[in-house]
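I have placed the structure first, in the form of structure tokens, so that the comments after it can refer back to it.
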Amino acid sequence: MSKVSSLSAAVEEIPDGASVMIGGFMGVGSPLRLIDELVRQGKRDLTVIANDTARPDFAIGKLIDAKAVFRLVASHIGLNPETQKQMIAGDIEVELVPQGTLAERIRAGGTGLGGVLTKTGVGTVVAEGKQTIDVDGDTYLLEKPLIAQFALIYAWRADYFGNLQYELTARNFNPPMAMAAGTVIAEAGEIVPVGVIPPDQVETVSVIVDTLVGRED
């Protein structure tokens, strides 16, 4: 069963220099209160694994604005000029990963696979320094799994055991990230009694959620 924690206590568990997966797609489905608390506590030198960095002064963009990120693994940064500026200046190390490959690398990390094979990026700069494997005459890149020390995810609602339910497209990267991190901190829009979420609508099970933060904090 997950523990229900205050916002500040949950974020205090995350040390400077930690690797953190953060759910969301341009801020939709991102744990906004957890991100704000990371900034408030002045966390530094984070490795952030996420789909994107949203935009300045919003969602993960706030971590970029605060210069809290040392390394970023993401599928795109095109809508955040501040991320681009810091990358060009050498203030942040950025690894750009095709979106489908990013999702599969996270899934591989969460399910214990040794990597995924993909044609995406073959013959481009994406393939530089990576192993290729031939299968039935076709060449694939071996993309290694992604894992993190922490996953910060957002759920539409949770029960007091820590079972999570997502809302429509806000689900996005949250479920696979919850599988691929050592410690999972979930921010919930609401926390309801056990049994309110129908079993077949539980999308992330409580056994992998370590800490639960609700709105009432």
Side-chain angles (χ1 to χ4, degrees), residues 1-5 10-11 13-15 18-35 38 46-53 59-60 63 69 71-76 95 97-118 120 141-189 191 194 197-214:
M1 185 171 67
S2 309
K3 66 178 179 181
V4 179
S5 173
V11 172
E13 297 181 27
I14 304 172
S19 57
V20 184
M21 289 183 174
I22 303 178
F25 188 106
M26 289 305 299
V28 176
S30 291
L32 302 181
R33 296 176 69 228
L34 287 171
I35 291 170
L38 283 170
L46 300 175
T47 292
V48 171
I49 301 169
N51 179 69
D52 55 75
T53 56
I60 298 173
L63 292 174
V69 182
R71 183 170 184 268
L72 172 71
V73 181
S75 70
H76 70 90
E95 178 185 351
V97 182
Q99 189 175 75
T101 302
L102 179 68
E104 286 300 293
R105 290 178 67 187
I106 294 169
R107 183 184 66 84
T111 54
L113 299 178
V116 294
L117 297 180
T118 177
T120 303
L141 287 181
L142 172 62
E143 293 283 4
K144 295 183 179 179
L146 284 170
I147 59 172
Q149 293 170 280
F150 295 88
L152 307 184
I153 62 176
Y154 179 79
W156 171 41
R157 60 180 179 174
D159 66 26
Y160 281 96
F161 275 176
N163 295 303
L164 307 181
Q165 182 181 16
Y166 305 99
E167 185 176 25
L168 303 174
T169 59
R171 171 176 174 158
N172 52 66
F173 280 81
N174 285 293
M177 285 182 171
M179 292 285 290
T183 298
V184 176
I185 303 174
E187 176 186 326
I191 303 178
V194 175
I197 303 175
D200 63 341
Q201 293 179 22
V202 171
E203 295 166 288
T204 295
V205 295
S206 61
V207 291
I208 62 173
V209 177
D210 297 282
T211 303
L212 193 59
V213 175

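You'll find the side chain of Leu141 stays beyond 4.5 Å of the side chain of Thr101, heavy atoms only. Within the 4.5 Å cutoff, no side-chain heavy atoms of Tyr154 are placed close to those of Glu167. Contact of the Leu146 side chain with the Leu102 side chain is registered, since non-hydrogen atoms from C-beta on lie closer than 4.5 Å. Side-chain contact between Arg107 and Met179 is absent, with no heavy-atom pair separated by less than 4.5 Å. Counting heavy atoms from C-beta on, the side chains of Ser30 and Phe173 never come closer than 4.5 Å. For the pair Ile14/Ile185, a side-chain contact is recorded, criterion being any heavy-atom separation below 4.5 Å from C-beta on. Counting only heavy atoms from C-beta outward, the side chains of Glu203 and Trp156 never approach each other to under 4.5 Å. Using a 4.5 Å cut-off on side-chain heavy atoms (C-beta onward), Ile22 and Leu34 make no contact.
Distance alone, capped at 3.5 Å, is enough to place a donor-acceptor pair between the Arg105 side chain and the Lys144 backbone. Gln149 places a side-chain N or O within donor-acceptor distance of the main-chain N or O of Ser19, the cut-off being under 3.5 Å. Side-chain atoms of Ser2 come within 3.5 Å of backbone N or O of Phe161 as a donor-acceptor pair.
Here the CD atom belonging to Glu143 is positioned 9.5 Å from the CG atom belonging to Leu117, to the nearest 0.5 angstrom. The line from CD of Glu104 to OG1 of Thr111 is 8.5 Å long, rounded to the nearest 0.5 Å. From Thr47, atom OG1 reaches atom CG of Leu72 across 9.0 Å, with rounding to the nearest 0.5 Å. Taken from CE in Met26 to CG in Asp52, the straight-line distance is 5.5 Å, to the nearest 0.5 Å. The CD1 atom of Ile191 sits 10.0 Å away from atom CG of Leu164, with the distance rounded to the nearest 0.5 Å. Note that the CG atom of Leu212 and the CG atom of Asn163 stand 10.0 Å from one another [nearest 0.5 Å].
Minimum heavy-atom separation, Ala74 to Asn51: CB-O, 3.7 Å. Of all non-hydrogen atoms in Ser75 and Pro98, the two that sit nearest each other are CB-C, 4.4 Å. What you find for Ser5 and Ala10 is that their closest heavy atoms are OG-N, 3.4 Å. Scanning all heavy atoms of the two residues, the minimum distance from Val69 to Arg71 falls at CG1-O, 3.3 Å. In terms of heavy-atom proximity, Val209 sits nearest to Gly162 at CG2-O, 3.5 Å. The two residues Met177 and Ala151 make their nearest non-hydrogen contact at O-CB, 3.5 Å.
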- Query: Step by step, would you call Leu152 with Leu38 a side chain to side chain contact (heavy atoms under 4.5 Å, CB included)?
  - Reply: CA-CA 11 Å; Leu152 307 184; Leu38 283 170; 3.6 Å; yes

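Of the options Asn174, Asn172, Thr204, a side chain to side chain donor-acceptor pair (under 3.5 Å) to Tyr166 is made by Thr204 and by none of the others.
Between Lys3 and Glu13 there is a salt bridge, since a side-chain N of the basic residue sits under 4.0 Å from a carboxylate O of the acidic one.
Within 6.0 Å of atom CG in Leu46, more than 12 heavy atoms from other residues, nucleotides or ligands are found, so the atom counts as buried in its surroundings.
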